[in-house]
Undergrad: 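Next up is a structure, given as structure tokens.
Any value given below was found using the heavy atoms of this structure, including those in side chains, with hydrogens, waters and symmetry copies removed.
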Amino acid sequence: MCTGANYTTRDHYFGRNLDLEFSYNETVTVTPRNFPFRFRFRKADPLKTHRAIIGMATIADGYPLYYDATNEKGLSMAGLNFPENADYKPEVSDKTNIAPFEFIPWTLGQFETVSEVKTALETMSLVDISFSEAFPLSPLHWIISDRTASITVESVMEGLKVYDNPVGVLTNNPTFDIQSFNLNNFMHLSKNPPEKSFSDELEFDVYSRGMGAIGLPGDLSSASRFVKVAFTKMNAVSGDSESESISQFFQILGSVAQQRGCVEVSPGKFEITIYSSCCNTDKGIYYYTTYENSQVTGIDMHKEDLDGTGLVDYPLIKGQQIHMQN
């Protein structure tokens, strides 16, 4: 299970929680402009040069399998688990056929805005091609964002669905249209103290702060996390400095983080928030924390040779970093 979101102060930020019971040895990976992306479908033109990309990826056979990423123009994208709903298609001769593991490089390598992506998706199909036996297809859907807009992309049995995403968040099942409609059930929630509407004949006591949000889901299901992160993000207030902005973004993601022991997926195995990411999409700085390292670590893509041909990757700092004051 996962959660993705974007947030804007002075700069724009995009990131996600990766919630799983195991790691694929992911690293923060910079793909420079001249790293060649070749696609499995023979009619899909290779990208010999493209936008530079930074994000979290597992590198397999020299190829970056991105979980979430941002390109040098600020377009961002993340794939989130979508089991039993994702349906990838056979190749279609009159469309650009892209394998799901190629979708992030194909998108971020070429485009700068969500509007451009929406146009390209009209002639694109996500096809049933695995990366390898070791890395079979993952059932995913995607959130794609720039500074002013977000969309959700889902390849389902009925075809490729592209939804405008005004909330700017995404979790997992069910489909995005159902998740969005479910927000109607929580329109009464408020950051303000509640007003009496139960009865004019009774007196009520607002005995605690935060009572305007009574009913906000607190469980770890994807539907509940969608509501909670949407409420938190839409009401979040932050200063516009980098420190204040990234701190608030990690707090937003922290509102739906998963703790070891709360979601058992098999005997003795628990889903946890393996990492949380926050990319300043305007500056190309990728920040992250891990389950056991709450210190924020950053990598600036512009400090790398973005005209190079080789991947640059930084292993995650997973051990807790503690600053002693005495």
Side-chain angles (χ1 to χ4, degrees), residues 2-18 26-33 50-57 64 66-80 104-105 107-109 111-114 116-117 142-151 165 167-170 229 232-234 236-257 273 275-290 293-306 311-317 321:
C2 304
T3 302
N6 64 83
Y7 186 63
T8 303
T9 57
R10 178 181 57 198
D11 290 339
H12 180 248
Y13 300 86
F14 179 90
R16 60 97 56 80
N17 288 340
L18 179 74
E26 54 277 347
T27 63
V28 179
T29 303
V30 178
T31 301
R33 301 179 186 112
H50 51 78
R51 308 282 189 263
I53 300 168
I54 186 170
M56 194 71 75
Y66 276 111
Y67 307 2
D68 58 272
T70 294
N71 72 16
E72 61 185 299
K73 299 298 183 180
L75 185 67
S76 303
M77 186 171 178
L80 283 73
I104 289 180
T107 302
L108 300 187
F111 307 116
E112 298 183 14
T113 67
V114 165
E116 292 175 352
V117 175
W142 291 264
I143 180 172
I144 305 174
S145 301
D146 59 25
R147 188 180 181 92
T148 61
S150 291
I151 57 173
N165 184 342
V167 186
V169 303
L170 188 64
V229 77
T232 306
K233 180 229 168 173
M234 300 298 284
V237 177
S238 171
D240 61 9
S241 71
E242 187 75 343
S243 176
E244 292 169 299
S245 299
I246 65 174
S247 295
Q248 185 71 322
F249 191 89
F250 280 115
Q251 291 288 346
I252 293 168
L253 292 179
S255 72
V256 290
T273 299
Y275 75 83
S276 300
S277 66
C278 168
C279 186
N280 181 322
T281 69
D282 296 313
K283 293 184 171 67
I285 303 175
Y286 189 95
Y287 303 97
Y288 71 88
T289 62
T290 65
N293 178 17
S294 51
Q295 174 178 284
V296 176
T297 305
I299 295 95
D300 186 344
M301 71 186 300
H302 294 287
K303 292 185 177 180
E304 308 299 333
D305 178 11
L306 296 185
L311 299 175
V312 179
D313 69 303
Y314 290 88
L316 302 190
I317 301 172
Q321 308 295 296

Undergrad: Restricting to non-hydrogen atoms, name the atom on E112 and the atom on L75 that form the minimum distance, rounded to 0.1 Å.
TA: O-CB, 3.8 Å
Undergrad: Going through the distances and angles, do Y314 and V312 end up as a side-chain contact (heavy atoms from CB on, under 4.5 Å)?
TA: CA-CA 7 Å; Y314 290 88; V312 179; 3.8 Å; yes
Undergrad: Using the side-chain contact (heavy atoms from CB on, under 4.5 Å) rule, take I54 and V28 through it: C-alpha gap first, then chi angles, then the decisive distance, then the call.
TA: CA-CA 7 Å; I54 186 170; V28 179; 4.2 Å; yes
Undergrad: Closest heavy-atom contact between G79 and W142?
TA: CA-CD1, 3.4 Å
Undergrad: Hey, could you give me the OG1/CD distance between T290 and Q321, rounded to the nearest 0.5 Å?
TA: 8.5 Å
Undergrad: Is there side-chain contact between R147 and T8, with at least one heavy-atom pair below 4.5 Å?
TA: yes
Undergrad: Using only atom types and a distance under 3.5 Å, with no angle test, would you say the side chain of R16 pairs donor to acceptor with the backbone of Y67?
TA: yes
Undergrad: Going from CD1 on I246 to OH on Y7, what distance comes out if it is rounded to the nearest 0.5 angstrom?
TA: 12.5 Å
Undergrad: State, with a plain yes or no, whether a side-chain heavy atom of N71 is found less than 4.5 Å away from one of H50.
TA: no
Undergrad: Testing the 3.5 Å rule here: is there a donor-acceptor pair between the side chains of Y288 and E26?
TA: no
Undergrad: Answer yes or no: is there an ion pair linking R10 with D282, defined by an N-O contact shorter than 4.0 Å?
TA: no
Undergrad: Test N17 against every option in V229, V256, L80 by the side-chain contact (heavy atoms from CB on, under 4.5 Å) rule and name the one that passes.
TA: V256
Undergrad: Indicate yes or no: at least one non-hydrogen side-chain atom of P64 is less than 4.5 angstrom from one of L311.
TA: yes
Undergrad: Without swapping roles, check the side chain of T281 against the backbone of H12 for a donor-acceptor pair under 3.5 Å.
TA: yes
Undergrad: Decide if atom CD of E244 counts as having more than 12 heavy atoms of other residues, nucleotides or ligands within a radius under 6.0 Å.
TA: yes
Undergrad: Rounded to the nearest 0.5 Å, what separation is found between the CG atom of L170 and the OG atom of S145?
TA: 9.5 Å
Undergrad: Kindly give the heavy-atom pair with the smallest separation between I53 and A69, and that separation in Å.
TA: CG2-CB, 3.6 Å
Undergrad: Using the side-chain hydrogen bond (donor to acceptor under 3.5 Å, both in side chains) rule, pick out the option among T70, D68, D300, N280 that qualifies with Y286.
TA: D68
Undergrad: Using atom types as modelled and distance alone, determine if a side-chain donor or acceptor of N6 lies under 3.5 Å from a backbone N or O of D146.
TA: no
Undergrad: To the nearest 0.5 Å, tell me how far T289 OG1 sits from I317 CD1.
TA: 12.0 Å
Undergrad: Determine yes or no for a side-chain-to-main-chain donor-acceptor pair under 3.5 angstrom, with T29 supplying the side chain and T27 the backbone.
TA: yes
Undergrad: Does the K233 side chain pair with the main chain of V167, one donor and one acceptor, at a distance under 3.5 Å?
TA: yes
Undergrad: Taking all non-hydrogen atoms of both residues into account, name the closest pair between S245 and S241 and its distance.
TA: OG-O, 2.7 Å
Undergrad: Is there a side-chain contact (heavy atoms from CB on, under 4.5 Å) between F250 and Y287 once you walk through the steps?
TA: CA-CA 10 Å; F250 280 115; Y287 303 97; 4.1 Å; yes
Undergrad: Testing the basics here: between F249 and S277, what is the closest heavy-atom pair and its distance to 0.1 Å?
TA: CE2-O, 3.4 Å
Undergrad: Can you tell me how far NZ of K283 sits from CG of D11, rounded to the nearest 0.5 angstrom?
TA: 3.5 Å
Undergrad: Which atom pair, heavy atoms only, marks the closest approach of N165 to G168?
TA: OD1-N, 2.8 Å
Undergrad: Would T31 and Y66 count as having a side-chain donor-acceptor pair, cut-off 3.5 Å?
TA: yes
Undergrad: For the backbone of V237 and the side chain of Q248, can you confirm whether one donor and one acceptor N or O come within less than 3.5 Å of each other?
TA: yes
Undergrad: Atom CZ of R51 and atom CZ of F111: how far apart are they, to the nearest 0.5 Å?
TA: 9.5 Å
Undergrad: Output, in order, the C-alpha distance, side-chain angles, deciding distance and verdict of side-chain contact (heavy atoms from CB on, under 4.5 Å) for T232 and Q251.
TA: CA-CA 9 Å; T232 306; Q251 291 288 346; over 6 Å; no
